[in-house]
Undergrad: 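Got a structure for you, questions after.
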2 protein chains.
Amino acid sequence: MSSEKTDTRTKILEATRKLMMENIGSGVKMIDIAGEAGVSRQALYLHFDSRSELLIAATKHLDEKLGVSERYSVVDDTNSGIDRLDALVEFWGNYLPHIHGIAKALYSSRESDEAAAAAWKDRMDVVKRECRNAIIGLKKDGLLRSEWSQKDATEFLWAMLSFPNWELLRFESGWSVKKYVSRTQVAAKQTFVKEGC
Amino acid sequence: MSSEKTDTRTKILEATRKLMMENIGSGVKMIDIAGEAGVSRQALYLHFDSRSELLIAATKHLDEKLGVSERYSVVDDTNSGIDRLDALVEFWGNYLPHIHGIAKALYSSRESDEAAAAAWKDRMDVVKRECRNAIIGLKKDGLLRSEWSQKDATEFLWAMLSFPNWELLRFESGWSVKKYVSRTQVAAKQTFVKEGC
DNA sequence: GATTTACTTTACACGGTGTCAATTGACACT
DNA sequence: AGTGTCAATTGACACCGTGTAAAGTAAATC
């Protein structure tokens, strides 16, 4: 049982990640991935049933590589609702660039592929849960604005943090990651947090 | 010069609109459109160079049919910045359902097609301009929060009103149009408008 | 030495877009 | 009637990318 984690499957996943990040998800073909991995196109189908299966596997692989759960602890280690909200936005804003390409590919495939749609939904549900936790934190502190129900606030925050929204600000409007984080933090607080007089 | 506006081109555009709205943009093929228009698939290419050309033309055609510019006057007829912001959100929230299918198709094609991307950008620039006007209105009234520059506020508002954002709230979270409008109005005002003590 | 495992090579089916050439039918002009 | 032309039809085909299938090869394992 050697530490041979450079097996073909891993090489394919790495190639997928690399190409997806370089080309920001769009137009990456199976044959390109095979080429990058130094393997035949058919070998891809020995390891993954379909393009979207590969995409999904690559997403998981990337998460593991990045150590998402550890990174996420900064959000869970907060004390107040406001801190949690800030930490969530900061985590998310800094995390998205690392998964941009592969996320975009998954997001696009979603339309035409049920498996991709399900995988995307899974990921987004995780984010939504964290939005809910942040809003619950605010509510516990008595700081959630009276205009917002917990549910509505969760869903609206979730939309604010959505992938297309981030992409729009980041690339159409040319915002830096730092700017995205700080502006979104400000907006989220202004929207959801009660204002002291 | 009879009022024969039921020429083939128009029939094709109408068929496109109908199918796109029914199937919410995805999976509508050229052959389906041809069938719906009662015309051969090849006839489509006599009138439009490509699928995305057809999409773009259908978008314009739909705008004319809906009389967008007239409908929009309600926004321009406002006096205060806040009213303008509210009116913009309301207009947009009620307008999007009418163009949902065709907008989605255009939005999706955007990834792989330059012409579609340009057409989409055109439309979005119009929205952005209106966001800018609303923010300028606020600023003139001295009500734009000091945390926001005019540019940043414009871009963030634009993102709040983006198509994917609307789609997310409307269909993933199941919000009604009315709810989308009222919640977005609230959020936009809380985010951008100075709060009286 | 035989079998198994992982991968390669070649070939092909399928679906959807876009192209091309030959044909038809209706209308207009003289 | 004859000619031209315009709009649309028919049928065939090329191109691309995904996914399938079958036969072959080379190294590892028993």
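Quick caveat: nothing in here was measured; it's all calculated off a predicted structure. In the text below, chain A, chain B and the rest are named by the order of the sequence lines, each starting its count at 1.
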Undergrad: Quickly work out the Met30(A) CE to dG19(D) C1' distance and round it to whole Å.
TA: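 The answer, rounded to whole Å, is 9 Å.
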Undergrad: Taking only the side-chain heavy atoms of Ser50(B) (C-beta and beyond), determine which of dT9(D), dA21(D), dG18(C) contains the nearest atom.
TA: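 Of the options given, the side chain of Ser50(B) lies nearest dG18(C).
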Undergrad: Quick one: Asp113(A) CG to dG19(D) C1', roughly how many Å, whole number?
TA: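 Checked: the CG to C1' distance equals 13 Å.
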Undergrad: Taking the minimum atom-to-atom distance to the side chain of Arg51(B), which one of dT8(C), dT17(C), dG11(D) wins?
TA: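 From the listed options, dT17(C) comes nearest.
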Undergrad: From dT18(D), dT9(D), dT8(C), pick the nucleotide closest to the side chain of Ala43(B)?
TA: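 So the side chain of Ala43(B) is nearest to dT9(D).
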Undergrad: Distance check needed: dA6(C) P versus Ile12(A) CD1, whole Å only.
TA: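 So the CD1-P distance, Ile12(A) to dA6(C), works out to 12 Å.
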Undergrad: For the residue pair Glu167(A) / His100(A), report whether a side-chain donor-acceptor contact shorter than 3.5 Å exists.
TA: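 The answer is yes; a qualifying pair exists.
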Undergrad: Determine whether the side chains of Thr191(B) and Thr191(A) contain a donor N or O and an acceptor N or O closer than 3.5 Å.
TA: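 Distance-only check passes for Thr191(B) and Thr191(A).
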Undergrad: Separation of Tyr45(A) atom OH from dT9(C) atom P, in whole Å?
TA: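 Spelled out: OH on Tyr45(A) to P on dT9(C) is 17 Å.
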Undergrad: I need the CD1-C1' distance between Ile31(A) and dC16(D), as an integer number of Å.
TA: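 Taking atom C1' of dC16(D) as the reference, CD1 of Ile31(A) is at 11 Å.
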Undergrad: Could you walk me through whether Phe163(A) and Lys104(A) pass side chain to side chain contact (heavy atoms under 4.5 Å, CB included), step by step?
TA: CA-CA 8 Å; Phe163(A) 170 70; Lys104(A) 193 184 186 79; 3.8 Å; yes
Undergrad: Counting only distance, no hydrogens or angles, is the base of dT19(C) paired donor-acceptor with the side chain of Gln42(B) under 3.5 Å?
TA: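 Flag set: donor-acceptor pair detected.
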Undergrad: For His47(A) and for Arg41(A), locate the closest nucleotide of DNA chain C by heavy-atom distance; then report the residue assigned to the nucleotide nearer the 5' terminus.
TA: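 Final value for this comparison: His47(A).
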Undergrad: Can you check the Asp32(A) CG to dC16(D) P distance for me, whole Å?
TA: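 Distance check: Asp32(A) CG to dC16(D) P gives 13 Å.
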Undergrad: Taking the minimum atom-to-atom distance to the side chain of Leu46(A), which one of dT9(D), dG19(D), dT8(C) wins?
TA: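 Closest of the options to the side chain of Leu46(A): dT8(C).
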Undergrad: Just the rounded figure in Å: distance from P of dG19(D) to CG of Asp49(A).
TA: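 To the nearest whole Å, that distance equals 9 Å.
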Undergrad: Roughly, in whole Å, what's the span from CG in Leu44(B) to P in dT10(D)?
TA: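 Taking atom P of dT10(D) as the reference, CG of Leu44(B) is at 14 Å.
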Undergrad: For Glu36(B), is there an ion pair with Lys11(B) - N to carboxylate O distance below 4.0 angstrom?
TA: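 Here Lys11(B) does not pair with Glu36(B) in a salt bridge, since their nearest N and O are not under 4.0 Å apart.
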Undergrad: Does a side-chain N-to-carboxylate-O contact under 4.0 Å join Arg123(A) and Asp63(A)?
TA: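 A salt bridge links Arg123(A) with Asp63(A).
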